[in-house]
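Hydrogens, waters and symmetry mates are skipped; everything else that's a heavy atom, side chains included, is used. Keep in mind it's a predicted model, so treat the numbers as computed, not measured. Labels below follow one simple rule: chain letters A, B, ... track the order of the sequence lines, proteins then strands, and each chain is numbered from 1.
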There are 2 protein chains.
Amino acid sequence: MIKCVKCEQVDSIMKAGYVRGKQRYLCKTCNYYFTLSEKDLSSPSAIKRKRHQTTIIDIAKSLGVSNSTVSRALHGHADINPETRQAVLDKALQLDYQPNQLAYNLVKSKTNTIGMIVPEFHNPFFPNVIIGAHEVLTRAGYNLTIMQSNESYQVEISNTKAMLANRIDGLLISLTQETNNFDHLSVFEKRGIPLVLFNRVCEQINVPKVVVNDFEASFLAVEHLIMNGYERIAHLGGPLNLLVSQERLRGYRAAMEKHGKTIEDHMIIQGMLTQQKARIYGQYLLDLAHRPDAIFAVNDSAAIEIMLMAKEKGISIPDELGVVGFSDNPESAYIGPGLTTVRQPTHEIGRTTADWILQLVDDEDVILPGKRVLKTELIVRGSSRRCGI
Amino acid sequence: MIKCVKCEQVDSIMKAGYVRGKQRYLCKTCNYYFTLSEKDLSSPSAIKRKRHQTTIIDIAKSLGVSNSTVSRALHGHADINPETRQAVLDKALQLDYQPNQLAYNLVKSKTNTIGMIVPEFHNPFFPNVIIGAHEVLTRAGYNLTIMQSNESYQVEISNTKAMLANRIDGLLISLTQETNNFDHLSVFEKRGIPLVLFNRVCEQINVPKVVVNDFEASFLAVEHLIMNGYERIAHLGGPLNLLVSQERLRGYRAAMEKHGKTIEDHMIIQGMLTQQKARIYGQYLLDLAHRPDAIFAVNDSAAIEIMLMAKEKGISIPDELGVVGFSDNPESAYIGPGLTTVRQPTHEIGRTTADWILQLVDDEDVILPGKRVLKTELIVRGSSRRCGI
DNA sequence: AAAAGTATCGGTAACGTTTGCGAACACGTT
DNA sequence: AACGTGTTCGCAAACGTTACCGATACTTTT
């Protein structure tokens, strides 16, 4: 390689034109221009041999036809003599031709790729949604590129930028809990790139959305607790800027009000339910002078955390404390007693979302945005079934 | 009527056959054949308006500089007047310029994307590996494209083809249980595209591999059972064409032999452990005339299935039956009694694999292939701890 | 005064495909 | 012959970027 004559650096050297017929270099680190004398060069061995991929042009040349003919033959277009087509196909096989999707993408302005941005990977929820979406997209011949925003608005923005730069054909996105501004999504509208929101949706932007019946699910869950004789039901909810959290809170309130239960504000806690937070909130609730006799948590990990704490404190479940979670994580079925929870149709969410984006991508006609509401299912287990009632 | 596109004559036009279903005309004066394009006929209104994305050229034009200058300015290259650079940056913002990664990819033959192919999504294992890999790759400025082979050799092949066509910079892959031929992987070597195998690796191909100490883990797991007084230990293993399965079987055998336990062949079952299969095998084992007093299963789902069946049959765990699983799924901690299992460092597997591919991608120098063996941890819970011993 | 260095910019060939339009024939029919 | 019709193929222009190879006009050093 070429070393800077001053700082001996190798990496930061760039060519900087010619001066009187001699190559001139610039070292970016010490900002020094220099040219090399004859003796400095002259090491012809270490030329980086770039691997050549066989292209359409190679096939064309070796067959003595034009590359347009090759292209059409490979794609089964009309206007090609069957013999020629066969010859091209044979030669392609022989030369181990692999089409360059990049060039294709560039000329067609299409990538056959759908992007997906999810806020986190720790709960099984999003991986399961991915399974469903992946299934549909793969069957339709689309690739799926997944990015993770890590619950950060900034990361979400940079993710959407990357998706845009990569010219994905459509985007599936579930927002972070921080996302309150939606300009980075409007860009997709402006560009005519289809967009489907799922799970973590918002009202401020007019695109297709796929959600579950959060309000109804919460309502039924809380009503179920009430039917089992619980009176003082606490709610451990998600961040209130998420629509899902609002809906679930609404459901909680509605059920409580319908059955004439008093809602005590200090028994409603909203926030990001990390494991640590769940423990803190649980501690608070269970140590309350007049503690709740049931807790409706907005995800299963939090609910399970509560159950574990209750056990530590010697509070019996479900007799002294009823617990209901949300999502039906695998562990919820196996903990003792089993955790009553709201099962979400994760695979179906993925499939529905993917189906929708495919319609938008394929059809040029604008399909009216709307909202698909999928049904959840209340899975009743031991944690909320009072034997004495 | 119809004008010749060359000489603008009207009278001397005559029809001259059809080309691809379109009327062909001949101008007799200038002896020129031509057809009419869509835009010549038909109203100019109904033209499908293709959205124009602002490009580097737009910026260059509106600033009166060359596009190479714009390119350099945008990339913070040297050799640009600060004022010019600022002007370019401003204009880019004003015109809402978004770089076209596709064109970049084409000219650089690089996509800044790492591909990952996993056999399944149903166990939390691979999603967790993805989390780790995703973290490392994102930090390094790479995208991650995920495909799923669905345990099918054919799908795996088509996946690798798609990855190749999309010119990913590197591939992370965990093989399907069907994969016995590795030609589709050799292609990557030939192309000089880095490849790292993880978890489901093979010996037939000489590339970096990331695995866990399967042999040792199995050995310790079985030894743990023996130490707890179990004598007749059955093994529920994976498909034997997977190296992991072989290794785990080896570990099982070694531990049994070391402690002088007789290995009964009919107590070793190898195969794909779907839930259904696990039930069938479990049924068989538990109904055996002289049934095993412990079972070492190669994944947690199967182990848990066994535990459930034992409960149904009234076989007490761990007194009458010890159970050990593999992977430490979330539910394993919560089932009663807790399932003793081998925890795999899933995130670390992902991180290690990603780190390795990044090295291979960035450095031109060939790094010798090798094998990284990560440590597992035996998590002892109630399912294998005999109180009476 | 010649030579060398500095600072900024432009022209243009790639990268590998697709595709619209027309050329070049080869027929059959008046 | 002249004309109508069909078949098969080639040319060349995109697609948007990058980077090599310069040019030009100063300033500084030898």
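B/Ile117 places a side-chain heavy atom less than 4.5 Å from the side chain of B/Thr160.
The nucleotide whose nearest atom lies closest to any side-chain atom of B/Tyr104 is, among D/dG10, C/dG16, D/dT18, D/dT18. Checking C/dA14, C/dT19, C/dC9 against every side-chain atom of B/Ile80, the shortest atom distance belongs to C/dC9. Looking at the side chain of B/Arg72, the nearest of the listed nucleotides C/dG16, D/dG16, C/dC9 is C/dC9. Between C/dT18, D/dT8, C/dT8, one nucleotide has an atom nearer to the side chain of B/Thr84 than all others, and that is C/dT8.
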(request) Evaluate side-chain hydrogen bond (donor to acceptor under 3.5 Å, both in side chains) for B/Gln148 paired with A/Thr138, printing each intermediate quantity in order. (result) CA-CA 9 Å; B/Gln148 187 221 33; A/Thr138 303; over 6 Å; no
(request) For A/Phe188 and A/Val207, run side-chain contact (heavy atoms from CB on, under 4.5 Å): C-alpha distance rounded to whole Å, both residues' side-chain angles, the deciding distance at 0.1 Å, then the answer. (result) CA-CA 10 Å; A/Phe188 286 81; A/Val207 298; over 6 Å; no
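The distance from atom CG of B/Asn105 to atom C1' of D/dT18 is 12 Å, rounded to the nearest whole Å. Straight-line distance from the CZ atom of B/Arg167 to the P atom of C/dG16: 8 Å, rounded to whole Å.
Residue A/Lys110 places its NZ atom among more than 12 non-hydrogen atoms of other residues, nucleotides or ligands, all under 6.0 Å distant. At most 12 heavy atoms of other shown residues, nucleotides or ligands fall within 6.0 angstrom of atom NZ in B/Lys61.
A/Lys108 has a side-chain polar atom (N or O) that falls below the 4.0 Å cut-off from OP1 or OP2 of C/dT19. Contact annotation: A/Ser66 does not reach the phosphate of D/dC11 (side-chain N/O to OP1 or OP2, under 4.0 Å). When the side-chain nitrogen and oxygen atoms of B/Ser109 are compared with OP1 and OP2 of C/dC15, none of them lie within a distance under 4.0 Å. For B/Tyr97, a side-chain nitrogen or oxygen approaches OP1 or OP2 of D/dT17 to under 4.0 Å.
Within the nucleic acid shown, B/Asn67 comes within 4.0 Å of at least one base atom, counting heavy atoms only. Across all strands, B/Thr55 comes closer than 4.0 Å only to sugar-phosphate atoms, never to a base (heavy-atom distances). Residue-level contact check: B/Leu106 touches the bases, meaning some heavy atom is under 4.0 Å from a base atom.
In the interface, the side chain of B/Ser68 is not paired with the base of C/dC9 through any donor and acceptor atom under 3.5 Å apart.
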